[in-house]
Every structure is written in structure tokens, then in C-alpha cells.
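Being a predicted model, the structure only gives us computed values, none of them experimental.
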Amino acid sequence: MNRLHTLTATFDLKLKHSDLSKFRGAVAQLAGYDQDLFHNHDNGSGPTDKSRQRYPLIQYRVHHGHAGIFGINEGAEALEQLIEDGHFARFSMNGCARPLELSGYIRDPAFEPCILASENSHTYRIYKYLPFSGKAYREYKSQFDVRDKLTVLQRLLRNHLVAFAWGVGWELSPEKRIEITINDLDRVSKVSAKNREVVAFDLVFSANAKLPEGVGIGRKSAFGFGATIPLEPSY
């Protein structure tokens, strides 16, 4: 499958990035815990701590200080249905009822990702990208030359792009590899992800791939990390 359905919904709820977990929990409760796309945990009578090892098809965001949700494929369809059925009028968070209104709604039912010819590329900015597992972070820290650190970071980013493709059913050709080049490191910071301090990168990269606007790449993308925006004009 090389066509993706994406949906970006923004709501009139002011939100901080540190409150995304609460927002996610409130939306998951609204949808019903049997709808595991909204919480990415094993199904059951309630939430569990056992996460499914899959690319998250629903991702929670803060967009210009407001709550947002990005859905892709089945996630986009489930989010669209939740909105159309009026569930957000019954939204509650922190024990307080707070009906939500849409402030933004961007739907693309047939985005076509692709690998470009070798001489072509698109440029993207990725925000709060989390590249590291424990092992990968030790490898990165062990490099003394900044060029070697960049090589590690580029390899991890490429691997995360491949993982995204696999997770959404984008069939990559063995003859055409995804290739990336990091063009600029805007910011390196320490952020809190699920009560752990981790290293995050804001960076610009070029890739021989056409990616949907707003897609999350890397670790913890369900929690607003790794949102990726094309820097060229819209496709």
C-alpha cells in the first residue's frame, strides 16, 4: 500500500507539552479503552502498562499552545469517526468537563509517499526528535569526533524513517533505499519523556523521500516528539 490517509485535528484547548499524557489518557477514555489505537496498549477492561510494539497511528501534539491529534490510516479513520460522532462535546480532563471545539482540521485521504530519484530530495525540519535507546545513546556518546556523532545520528534517523514506512504499510522497494543527510542541528536539549530525562534534537534534514506533513518520526512519537514538517512549499 503506497497511499496514506492522514488527518490533523487541532482543538481550542490550551495545553502544555508536559500535559500531553493527561490529554492522551482523556481522549483514550473518551474513545473507550477497547479502541486501542488511541492508547496503543493491549486491549482489556481498562488501560494497562503493556505497550504494543508498533508505530503509533494516533499521535498527540501541542500546536501553537493548543491540543492537537495526528492520525494516519486506521488512526485517521478512528479519529475522524470520533469527531463526527460528537464525542469531543463530552470531553473531560483532570475531573473537569470541558467540551472541545475544532480550531483546525486538515485531511488528506490519499497521500502518496515515494522514494525520489537519486538526484532529488526534500528538506524537512523535525522537532524534539528522540533518536536514542540506551545502547544507541552509549554508542553516540562514545564518539569523540563530531562527524562520527553525526554519522550515528543520521543512521538512527534513517532507521526510524524505515520503521515509520513499515508501520504504515508503505512498501519500500529493495532497489531504492531511503537516504538522508542532516543539514543543520538547530537545538539539542534535555526533555522529559514519560518521567525520564532524554536528549532531543531539533534539526533539518534532506531525504530522497516524500513524507506526509506532520508525521511523527522516532521514539515516543505518540507523545508529540519528532513531528516532521517539509520546508519546501506544499506538495
#### Entry: Set of residues satisfying side chain to side chain donor-acceptor pair (under 3.5 Å) with respect to Asn159, sequence neighbours excluded
none
#### Entry: Any residue meeting side chain to side chain contact (heavy atoms under 4.5 Å, CB included) with His87, in chain and number order, not counting sequence neighbours
Leu30, Leu82, Asp85, Arg90
### Sequence neighbours excluded - salt bridge (Lys or Arg N to Asp or Glu O under 4.0 Å) pairs with any residue from residues 175-185
Arg177-Glu179
### Message
The criterion is side chain to side chain contact (heavy atoms under 4.5 Å, CB included); which residues satisfy it with His160, sequence neighbours excluded?
### Response
Tyr129, Ile217, Arg219
#### Entry: Non-neighbouring partners of Tyr127 that pass ring-ring contact (aromatic ring centres under 6.0 Å, His included), sequence neighbours left out
none
## Note on the structure
Those residues at least two apart in sequence (or on a different chain) that pass side chain to side chain contact (heavy atoms under 4.5 Å, CB included) with Ser206 are Ser121, Thr123, Asn183
### Query
Mind checking what makes side chain to side chain donor-acceptor pair (under 3.5 Å) contact with Arg147, not counting sequence neighbours?
Asp145
### Message
List the residues meeting ring-ring contact (aromatic ring centres under 6.0 Å, His included) with Tyr105, not counting sequence neighbours, and say none if there are none.
### Response
none
### Message
Holding to ring-ring contact (aromatic ring centres under 6.0 Å, His included), I want the full list of residues that pass it with Phe23, two or more places apart in sequence or in another chain.
### Response
Tyr60, Phe91
For residues 107-115, tabulate all N or O donor-acceptor pairs below 3.5 Å that involve a side-chain atom, not counting sequence neighbours.
from: Arg107; atom 1: NE; to: His5; atom 2: NE2; distance (Å): 3.4
from: Arg107; atom 1: NE; to: Glu80; atom 2: OE2; distance (Å): 2.9
from: Asp108; atom 1: OD1; to: Ala110; atom 2: N; distance (Å): 3.1
from: Asp108; atom 1: OD1; to: Phe111; atom 2: N; distance (Å): 3.4
from: Glu112; atom 1: OE2; to: Arg3; atom 2: NE; distance (Å): 3.3
from: Glu112; atom 1: OE2; to: Arg3; atom 2: NH2; distance (Å): 3.2

#### Entry: All ring-ring contact (aromatic ring centres under 6.0 Å, His included) counterparts of Phe223, not counting sequence neighbours
none
### Qualifying residues under side chain to side chain contact (heavy atoms under 4.5 Å, CB included), relative to Val162, sequence neighbours excluded
Arg158, Leu172, Ile178
